[in-house]
Amino acid sequence: MGWRKAPRELIKNVFDRLRVHLTPLGFARRGRVEYVLPIQPRIQGWLGLNRSVAQNDDGLRILPNVGVIHEQVEQIVGELGGLRLAATLAANIGYVMPQRSYAEYEFFPSEDYEPALVRLVGDLAEYGVPYMSSLASLDSLIAELCKPSTPTLDAAYRLPVCHMLRGDRASAIQCVDDYSKRSPMVVGLEYAPFAEMLRREIRSRRG
(Lines give C-alpha, C1' and ligand atoms only; values in the text may rest on other atoms or scores of the structure.)
Protein backbone atom coordinates (compact mmCIF):
# COMPACT_ATOMS: atom_id res chain seq x y z
CA MET A 1 0.00 0.00 0.00
CA GLY A 2 1.45 3.36 -1.05
CA TRP A 3 1.79 6.51 1.03
CA ARG A 4 -1.21 8.83 1.11
CA LYS A 5 -0.15 12.42 0.62
CA ALA A 6 -1.86 15.54 1.90
CA PRO A 7 -4.38 16.81 -0.69
CA ARG A 8 -3.20 19.74 -2.78
CA GLU A 9 -6.29 21.69 -1.78
CA LEU A 10 -5.35 21.37 1.90
CA ILE A 11 -1.79 22.54 1.24
CA LYS A 12 -2.99 25.52 -0.79
CA ASN A 13 -5.63 26.52 1.74
CA VAL A 14 -3.28 26.29 4.72
CA PHE A 15 -0.52 28.30 3.06
CA ASP A 16 -3.00 30.90 1.78
CA ARG A 17 -4.36 31.32 5.31
CA LEU A 18 -0.85 31.49 6.72
CA ARG A 19 -0.06 34.38 4.42
CA VAL A 20 -3.14 36.20 5.70
CA HIS A 21 -2.02 35.68 9.31
CA LEU A 22 1.63 36.60 8.69
CA THR A 23 1.03 39.86 6.83
CA PRO A 24 -0.12 41.84 9.93
CA LEU A 25 3.12 40.81 11.67
CA GLY A 26 5.10 42.53 8.93
CA PHE A 27 6.21 39.45 7.02
CA ALA A 28 6.55 39.57 3.24
CA ARG A 29 6.55 36.43 1.15
CA ARG A 30 9.79 35.56 -0.66
CA GLY A 31 9.63 32.36 -2.66
CA ARG A 32 7.14 29.56 -2.22
CA VAL A 33 7.66 28.82 1.47
CA GLU A 34 9.86 31.67 2.72
CA TYR A 35 9.04 34.97 4.38
CA VAL A 36 11.21 37.89 5.47
CA LEU A 37 10.69 40.50 8.16
CA PRO A 38 12.58 43.83 8.18
CA ILE A 39 14.52 44.28 11.42
CA GLN A 40 17.29 46.78 10.70
CA PRO A 41 18.83 48.17 7.50
CA ARG A 42 20.35 45.17 5.68
CA ILE A 43 19.15 42.75 8.35
CA GLN A 44 15.98 40.72 7.93
CA GLY A 45 14.23 38.10 9.96
CA TRP A 46 13.74 34.89 8.02
CA LEU A 47 10.96 32.30 8.18
CA GLY A 48 11.11 29.02 6.29
CA LEU A 49 7.96 26.92 6.27
CA ASN A 50 9.25 23.43 5.53
CA ARG A 51 6.58 20.81 5.19
CA SER A 52 6.00 17.09 5.37
CA VAL A 53 3.09 15.75 3.35
CA ALA A 54 3.55 11.97 3.13
CA GLN A 55 3.00 10.11 6.38
CA ASN A 56 0.13 7.93 5.16
CA ASP A 57 -2.60 9.85 6.98
CA ASP A 58 -3.56 12.68 4.57
CA GLY A 59 -2.00 15.18 6.97
CA LEU A 60 0.13 18.23 6.30
CA ARG A 61 2.85 19.03 8.80
CA ILE A 62 4.58 22.40 8.79
CA LEU A 63 8.05 22.64 10.33
CA PRO A 64 8.83 26.35 10.80
CA ASN A 65 12.45 27.48 10.87
CA VAL A 66 13.23 30.96 12.14
CA GLY A 67 16.40 32.97 11.79
CA VAL A 68 18.04 36.03 10.35
CA ILE A 69 19.59 37.18 7.08
CA HIS A 70 22.55 39.50 7.64
CA GLU A 71 22.94 40.90 4.14
CA GLN A 72 26.50 42.16 4.62
CA VAL A 73 27.66 38.76 5.87
CA GLU A 74 25.90 36.98 3.01
CA GLN A 75 27.31 39.39 0.44
CA ILE A 76 30.88 38.71 1.56
CA VAL A 77 30.38 34.95 1.77
CA GLY A 78 28.88 34.97 -1.72
CA GLU A 79 31.62 37.16 -3.24
CA LEU A 80 34.28 34.81 -1.87
CA GLY A 81 32.57 31.73 -3.25
CA GLY A 82 31.32 30.44 0.08
CA LEU A 83 28.40 28.19 0.87
CA ARG A 84 25.10 29.91 0.12
CA LEU A 85 22.26 29.43 2.59
CA ALA A 86 18.69 30.69 2.77
CA ALA A 87 19.54 32.46 6.05
CA THR A 88 22.70 33.42 7.90
CA LEU A 89 21.47 31.43 10.88
CA ALA A 90 18.22 29.54 11.49
CA ALA A 91 16.68 26.94 13.78
CA ASN A 92 13.43 25.07 14.15
CA ILE A 93 11.10 27.28 16.16
CA GLY A 94 10.75 24.65 18.88
CA TYR A 95 14.37 25.17 19.91
CA VAL A 96 13.78 28.86 20.67
CA MET A 97 10.62 28.11 22.67
CA PRO A 98 10.58 27.06 26.36
CA GLN A 99 10.26 23.39 25.33
CA ARG A 100 13.69 23.49 23.59
CA SER A 101 12.72 20.65 21.28
CA TYR A 102 11.59 20.13 17.71
CA ALA A 103 8.15 21.52 16.84
CA GLU A 104 5.75 20.83 14.02
CA TYR A 105 2.15 21.86 13.34
CA GLU A 106 -0.37 19.39 11.94
CA PHE A 107 -3.28 20.00 9.58
CA PHE A 108 -5.84 17.45 8.36
CA PRO A 109 -8.59 17.74 5.71
CA SER A 110 -11.25 16.46 8.12
CA GLU A 111 -10.46 18.99 10.86
CA ASP A 112 -10.74 22.72 11.36
CA TYR A 113 -7.15 23.81 10.84
CA GLU A 114 -7.61 27.43 11.93
CA PRO A 115 -6.67 26.68 15.58
CA ALA A 116 -3.36 25.16 14.48
CA LEU A 117 -2.69 28.20 12.28
CA VAL A 118 -3.42 30.54 15.19
CA ARG A 119 -1.08 28.51 17.41
CA LEU A 120 1.71 28.54 14.82
CA VAL A 121 1.48 32.28 14.23
CA GLY A 122 1.14 32.92 17.96
CA ASP A 123 4.33 30.96 18.67
CA LEU A 124 6.04 32.84 15.89
CA ALA A 125 5.00 36.21 17.31
CA GLU A 126 5.88 35.27 20.90
CA TYR A 127 9.14 33.41 20.31
CA GLY A 128 10.20 33.49 16.66
CA VAL A 129 10.19 37.23 16.04
CA PRO A 130 12.05 38.06 19.29
CA TYR A 131 14.64 35.42 18.36
CA MET A 132 15.10 37.07 14.97
CA SER A 133 15.51 40.47 16.59
CA SER A 134 17.99 39.08 19.11
CA LEU A 135 20.33 38.18 16.24
CA ALA A 136 20.48 41.66 14.77
CA SER A 137 23.89 42.48 16.29
CA LEU A 138 27.19 40.91 15.25
CA ASP A 139 27.95 40.09 18.89
CA SER A 140 24.75 38.07 19.30
CA LEU A 141 25.21 36.41 15.93
CA ILE A 142 28.76 35.38 16.88
CA ALA A 143 27.56 34.00 20.20
CA GLU A 144 24.90 31.91 18.47
CA LEU A 145 27.25 30.67 15.75
CA CYS A 146 29.69 29.54 18.45
CA LYS A 147 27.15 27.24 20.07
CA PRO A 148 27.81 23.49 19.64
CA SER A 149 24.30 23.06 18.23
CA THR A 150 25.13 25.22 15.19
CA PRO A 151 26.02 23.06 12.17
CA THR A 152 29.78 23.19 11.59
CA LEU A 153 29.36 23.75 7.87
CA ASP A 154 27.23 26.84 8.48
CA ALA A 155 29.50 28.35 11.12
CA ALA A 156 32.71 27.73 9.17
CA TYR A 157 31.69 30.19 6.47
CA ARG A 158 29.92 32.80 8.55
CA LEU A 159 31.62 33.02 11.94
CA PRO A 160 34.98 34.33 10.66
CA VAL A 161 33.18 36.86 8.46
CA CYS A 162 31.25 38.11 11.49
CA HIS A 163 34.50 38.53 13.44
CA MET A 164 35.98 40.46 10.51
CA LEU A 165 33.00 42.80 10.23
CA ARG A 166 33.16 43.40 13.97
CA GLY A 167 36.76 44.56 13.50
CA ASP A 168 38.35 41.63 15.35
CA ARG A 169 40.89 40.57 12.73
CA ALA A 170 42.80 38.27 15.08
CA SER A 171 39.71 36.25 15.93
CA ALA A 172 38.69 36.17 12.26
CA ILE A 173 42.06 34.73 11.18
CA GLN A 174 42.15 32.28 14.09
CA CYS A 175 38.62 31.16 13.29
CA VAL A 176 39.24 30.52 9.61
CA ASP A 177 42.51 28.75 10.44
CA ASP A 178 40.74 26.50 12.94
CA TYR A 179 38.06 25.51 10.46
CA SER A 180 40.67 24.97 7.75
CA LYS A 181 42.15 22.20 9.90
CA ARG A 182 38.87 20.30 9.87
CA SER A 183 38.35 17.42 7.48
CA PRO A 184 36.99 18.37 4.02
CA MET A 185 34.23 15.88 4.79
CA VAL A 186 33.14 18.28 7.55
CA VAL A 187 33.61 21.74 6.02
CA GLY A 188 33.40 20.84 2.33
CA LEU A 189 35.96 20.69 -0.46
CA GLU A 190 35.25 24.32 -1.37
CA TYR A 191 36.38 25.60 2.00
CA ALA A 192 40.10 25.80 1.25
CA PRO A 193 39.84 28.33 -1.60
CA PHE A 194 37.20 30.27 0.34
CA ALA A 195 39.46 30.38 3.41
CA GLU A 196 42.40 31.68 1.40
CA MET A 197 40.34 34.46 -0.17
CA LEU A 198 38.88 35.34 3.22
CA ARG A 199 42.35 35.62 4.76
CA ARG A 200 43.29 38.08 2.02
CA GLU A 201 40.11 40.05 2.64
CA ILE A 202 40.77 40.18 6.39
CA ARG A 203 44.36 41.37 5.90
CA SER A 204 43.26 43.97 3.35
CA ARG A 205 41.12 45.60 6.03
CA ARG A 206 44.07 46.56 8.19
CA GLY A 207 44.50 50.24 8.42
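With hydrogens and angles disregarded, a donor-acceptor distance shorter than 3.5 Å links the side chain of S134 to the backbone of Y131. The backbone N or O of Y95 lies less than 3.5 Å from a partner atom in the side chain of R100, making a donor-acceptor pair. Although no hydrogens or angles enter the test, the distance criterion places a donor-acceptor pair under 3.5 Å between the side chain of N65 and the main chain of N92. Using modelled atom types, one side-chain atom of R29 and one backbone atom of G31 make a donor-acceptor pair closer than 3.5 Å. The backbone N or O of C146 sits nowhere less than 3.5 Å from a side-chain atom of T150 that would complete a donor-acceptor pair.
E71 and Q75 are not linked by any side-chain donor-acceptor pair at a separation below 3.5 angstrom, with hydrogens and angles left out of the test.
Taking the salt bridge (Lys or Arg N to Asp or Glu O under 4.0 Å) definition, one finds that K181 meets it with nothing, sequence neighbours left out. Here R17 pairs with E114 under the salt bridge (Lys or Arg N to Asp or Glu O under 4.0 Å) rule; sequence neighbours left out. Among residues two or more places apart in sequence or in another chain, the salt bridge (Lys or Arg N to Asp or Glu O under 4.0 Å) test is passed with R199 by D177, E196. With sequence neighbours left out, the salt bridge (Lys or Arg N to Asp or Glu O under 4.0 Å) criterion links D178 to no other residue.
Note that CZ of R30 and CD1 of I69 are 4.0 Å apart. Values are rounded to the nearest 0.5 Å. Here the CG atom belonging to L145 is positioned 10.0 Å from the CG atom belonging to L138, to the nearest 0.5 angstrom. To the nearest 0.5 Å, atom CG of residue D168 and atom CD of residue Q174 are 10.5 Å apart.
Put simply, the side chain of I93 reaches to within 4.5 Å of the side chain of Y105, judged on heavy atoms. Side chains of I76 and M164 form a contact here, defined as non-hydrogen atoms less than 4.5 Å apart. Two residues are said to be in side-chain contact when any heavy atoms from C-beta on lie closer than 4.5 Å; N13 and F107 fail this criterion.
By the 4.0 Å N-to-carboxylate-O rule, K12 lies close enough to D16 to be salt-bridged with it.
Ring geometry for F194 against Y157 counts as tilted: the plane angle lies between 30° and 60°, on a 0 to 90° scale.
No chain of hydrophobic side-chain contacts below 4.5 Å, direct or via other Ile, Leu, Val, Met, Phe, Trp or Tyr residues, connects V77 to V36. V14 and L63 are members of different hydrophobic clusters when ILVMFWY side chains are connected at heavy-atom separations under 4.5 Å. A single hydrophobic cluster is not seen to contain both W46 and L49; linkage of ILVMFWY side chains at heavy-atom distances under 4.5 Å, directly or through other members, places them apart. Note on I62: it clusters hydrophobically with Y113, by side-chain heavy-atom contacts below 4.5 Å among ILVMFWY residues. Residue V68 is grouped with residue V129 when hydrophobic side chains (ILVMFWY) are merged at heavy-atom distances under 4.5 angstrom, including chains of intermediate members.
Listed by first and then second residue, the ring-ring contact (aromatic ring centres under 6.0 Å, His included) pairs involving residues 5-26 amount to none (not counting sequence neighbours).
Atom CD of E9 sits in a sparse spot, with 12 or fewer heavy atoms from other residues, nucleotides or ligands closer than 6.0 Å.
Of the candidates R158, R84, R42, R158 is the only one forming a salt bridge (Lys or Arg N to Asp or Glu O under 4.0 Å) with E74.
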Let me see the working for L37 and L25 under side-chain contact (heavy atoms from CB on, under 4.5 Å), right down to the final yes or no. CA-CA 8 Å; L37 176 69; L25 294 181; 5.6 Å; no
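Residues near L189 contribute nothing to a hydrophobic cluster around it, because no ILVMFWY side-chain heavy atom sits closer than 4.5 Å to its side chain.
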